[in-house]
Amino acid sequence: MIFLDVDGVLNSAQDGYSIRLKTDSHLKLLQYIVKETGAKIVLSSSWRIGFTPASKNLLARFKEYGLELMDCTPELSGACRGDEIRKWLNDTDYTVENFVIMDDEANMAEFTEKNLVQTDTNVGLQEKEAIKCIKMLNM
C-alpha cells in the first residue's frame with residue numbers, strides 16, 4: 001500500500017506546485033514503484049478533500065500512466081496525516097502487509113521512522129526515494 005501525498009511528491013517548488021502535475025518524471029517513478037511492487041495507492045494528500053480541478057487533473061494524469069486510486073484516507077479534524085492513515089488502516093477490510101507513506105512532510109505519528117519515505121519539496125519524487133519505496137514494499 002502506498003499512502004500518497006501530492007504536493008512535494010508529484011509536483012514541487014520547482015514547478016510552482018502545479019496542479020497540472022506537469023513533471024512527468026514524478027509520475028513515471030510512481031508508475032515504476034507500482035509495477036515493481038503491485039502496491040495500491042491510497043491518497044492521503046489534501047487533494048482528496050472535495051472534487052476540485054486539482055483532483056480531477058490528478059485522476060486524468062493517473063489514467064495516462066495506467067495508475068489507479070484505490071481509496072482516500074479519512075479527513076480528521078485537527079489530526080496529522082499519520083492519525084488519518086492509522087484510522088484508514090484500522091477501518092479497512094484489506095489485508096495490508098507492507099506500506100509506505102510518500103510525503104514531503106515528516107509528522108506521520110508512529111509511522112514516521114518505519115514507513116515514511118520523505119521527498120524534498122523542492123524537487124519532488126526522485127529515483128532514490130522510488131528505490132527505497134520498492135525495497136520497503138517488497139520486504
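Computed from a prediction, not measured in an experiment: that's the story for all the values here.
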Distance (rounded to the nearest 0.5 Å) between Phe62 CZ and Ile41 CD1 = 4.0 Å
query = Are the side chains of Arg86 and Glu110 in touch, meaning some heavy atoms are under 4.5 Å apart?
reply = yes
key: Path from Ile101 to Val9 over hydrophobic side-chain contacts below 4.5 Å   = no
ask   = Which distance, rounded to the nearest 0.5 Å, do you find between the SG of Cys80 and the CD of Glu105?
value = 10.0 Å
query = If you look at every heavy atom in Ala130 and Leu125, which pair is closest and at what distance?
reply = N-CD1, 4.1 Å
Glu127, CD: over 12 other non-hydrogen atoms inside 6.0 angstrom = no
inquiry  = Minimum heavy-atom separation for Asp83 and Ala109, please, with both atom names.
reply    = OD1-CB, 4.0 Å
message = Under 4.5 Å between side-chain heavy atoms, counting indirect links through other Ile/Leu/Val/Met/Phe/Trp/Tyr residues: same cluster for Met136 and Leu30 or not?
response = yes
query = Is the shortest heavy-atom distance from the side chain of Leu89 to the side chain of Phe3 under 4.5 Å?
reply = yes
query = Do Gln14 and Val123 have side-chain heavy atoms sitting under 4.5 Å apart?
reply = yes
query = At what distance, to the nearest 0.5 angstrom, does CG of Asn138 lie from NZ of Lys135?
reply = 11.0 Å
inquiry  = Under 4.5 Å between side-chain heavy atoms, counting indirect links through other Ile/Leu/Val/Met/Phe/Trp/Tyr residues: same cluster for Val117 and Val6 or not?
reply    = yes
remark   = All heavy atoms of Asp7 vs all of Asp104, minimum pair found to be O-OD1, 3.1 Å
inquiry  = Any carboxylate oxygen within less than 4.0 angstrom of a Lys/Arg side-chain nitrogen, looking at Lys40 and Glu68?
reply    = no
request  = Decide whether Ile134 and Met1 are clustered together by the hydrophobic rule: side chain heavy atoms of Ile, Leu, Val, Met, Phe, Trp, Tyr closer than 4.5 Å, transitively.
outcome  = no
Pair Arg48-Thr73, side-chain donor/acceptor within less than 3.5 Å = yes
query = What heavy-atom pair brings Gly8 and Thr121 nearest, and what distance separates the two atoms?
reply = CA-OG1, 3.9 Å
key: More than 12 heavy atoms from other groups under 6.0 Å of CD on Glu64   = yes
ask   = Is the closest side-chain donor-acceptor distance between Trp47 and Asp5 under 3.5 Å?
value = no
request  = Measure the OH-OG1 distance between Tyr32 and Thr37 for me, rounded to the nearest 0.5 Å.
outcome  = 10.5 Å
query = Can you hop from Leu29 to Leu69 via hydrophobic side chains spaced under 4.5 Å?
reply = yes
ask   = Does the side chain of Asp15 come under 3.5 Å of the side chain of Thr23 through a donor N or O and an acceptor N or O?
value = yes
task = Taking the side chain as every heavy atom from C-beta outward, state whether Ile33 and Met102 have any pair of such atoms under 4.5 Å apart.
result = yes
task = For residues Phe111 and Phe99, establish whether the separation of their ring centroids is below 6.0 Å.
result = yes
message = Nearest 0.5 angstrom please: Leu116 CG to Glu129 CD, how far?
response = 10.5 Å
task = Mind listing the closest non-hydrogen atom pair of Ile2 and Leu137 along with its distance?
result = CG1-CD1, 4.0 Å
query = Can you tell if the side chain of Asn57 reaches within under 4.5 Å of the side chain of Arg61, non-hydrogen atoms only?
reply = yes
Validation row: Val100, Cys133 side chains within 4.5 angstrom (heavy atoms) = yes
message = Return the CE to CG distance between Met139 and Asn98, rounded to the nearest 0.5 Å.
response = 6.5 Å
ask   = Which pair of heavy atoms, one from Leu10 and one from His26, lies closest together, and at what distance?
value = O-ND1, 3.1 Å
request  = State whether the side chain of Glu84 and the backbone N or O of Glu75 hold a donor-acceptor pair below 3.5 Å, judged by distance alone.
outcome  = no
ask   = If you count the non-hydrogen atoms of other residues, nucleotides and ligands that lie under 6.0 Å from OH in Tyr65, is the total more than 12?
value = yes
ask   = Would Thr119 and Asp103 count as a side chain to side chain contact (heavy atoms under 4.5 Å, CB included) if you check the C-alpha gap in whole Å, the side-chain angles of each, and the deciding distance to 0.1 Å?
value = CA-CA 6 Å; Thr119 59; Asp103 206 304; over 6 Å; no
